Amino acid sequence: MPVPISQAWTVATYVLKQKLAGRKRYPFVLMLEPLFRCNLACAGCGKIQYPAHILRKELTPEECFKAVDECGTPMVSIPGGEPLMHSQIDKIVEGLVARKKYIYLCTNALLLKEKLDLFKPSKYLTFSVHVDGQKEHHDFSVCREGGFDLALEGIREAVKRGFRVTTNTTLFDGADPNSVRAFFDEMMSAGVEGMMLSPGYSYDKAPDQKHFLGRARTRRLFRAILSNRKKSWQFNQSPLFLEFLMGQRNYACTPWGMPTYNIFGWQKPCYLLQDGYADTFQELLDSTEWQNYGTESGNPKCANCMVHSGYEASAVDHTFSGLGGIWATIKAMFAGEYRDPDALVLLKEPVKPVHSYNPLIQIDSAKSQLEETRA
């Protein structure tokens, strides 16, 4: 099992309590962004496009603890920016561990090896290392040569020291499914606990707007990648969400499932869209017009989104919606390799990876206004 039983039990009992209390909207994972500053300038990321005075700001540990206590969810993801650049990240993690929160500290791992001494191995702390595929593809994605080697070095050192380590991979148009499958082998050989996957989301501020996947191509890509899978691959995600990516399930978005708190407050409506901010978590729930978001809403900004921050909470909610959801999850957990002869045919199709015909897109590139709206 890719997560400790104690974590699985904590999450399951938390969700069941929400269901028994009749709460239709409850948080699954808090996305806690203590800063936007980063040491990379990835072409598909819109988080570091803020002016310098914003990039210098940080949440204090006390502000982080208040948000976590207010939200109440047992799991906290700490993205950014690059959290390891935060001046008090060790204090933030220490305080959350003391609260027995399960933390996924998201990092590009460029600083991981030198920062490990700040932390102690714990079942409550996982380093979620952002690696976007094999060496050439990853380096292209993060716009830095040698990024993959540094990330792999950090992963191996963290595993060696007894830390929980997972990977987080974002896939864009032009991803080679055979390369991604080979990448899974590499990560499992490196000793990671499990892997997370998500299609890219077209941030308005992202320098590269041309290589985000539409929903149909997302399903096609993930069907090729995740069908006929190896038993050695472990995924740190809801198996129903992975089936959703493969096109085997349909879910409505749950934008409140992974709420975001950052230096501006509680971000409306979700981690991916910025349509204002609320001062409290309850205000976020009460004042956001949730019907205006998600694919089914007709909002063009949501047209192609299948990202885990919007849909994995939907899959988890389905699991605990009744006997049907529990049975579907059990079947998915023991589905094995997902045999699919047609998906094997997809693996034989020629692929021209984006990095084979595009130069690296640096942070000062002019922003394209293209927006993909294919169904």
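Predicted, not measured: the structure shown is a model, and the values here were computed from it.
A donor-acceptor contact under 3.5 angstrom links the side chains of Y26 and D317, judged on distance only. No side-chain N or O of E58 forms a donor-acceptor pair with one of Q88 less than 3.5 Å apart. A donor-acceptor contact closer than 3.5 angstrom is absent between the side chains of H137 and D139. Between S227 and R339, the side chains place no donor N or O within less than 3.5 Å of an acceptor N or O (distance only, hydrogens not considered).
For D342, the side-chain hydrogen bond (donor to acceptor under 3.5 Å, both in side chains) test picks out no residue, with sequence neighbours left out. Listed by chain and residue number, D69 satisfy the side-chain hydrogen bond (donor to acceptor under 3.5 Å, both in side chains) test with R99 (two or more places apart in sequence, or in another chain).
Remark: side-chain polar atoms of W256 are not paired, donor with acceptor, to backbone N or O of W290 under 3.5 angstrom.
R249 has a carboxylate O that lies under 4.0 Å from a charged side-chain N of E243, or vice versa, which qualifies the two as a salt bridge. The residues E62 and K66 are annotated as not salt-bridged, no charged nitrogen and carboxylate oxygen being separated by less than 4.0 angstrom. The pair K113-E153 meets the salt-bridge criterion, with a side-chain N (NZ, NE, NH1 or NH2) lying under 4.0 Å from an Asp/Glu carboxylate O.
Relative orientation of the Y102 and Y124 rings is tilted, given thresholds of 30° and 60° on the angle between their planes.
Put simply, OG on S122 and NZ on K100 are 10.5 Å apart, with the number rounded to the nearest 0.5 Å. Remark: K268 NZ to Y293 OH distance equals 8.0 Å, nearest 0.5 Å.
Applying the 4.5 Å side-chain rule to ILVMFWY residues, one finds L344 in the same cluster as L347.
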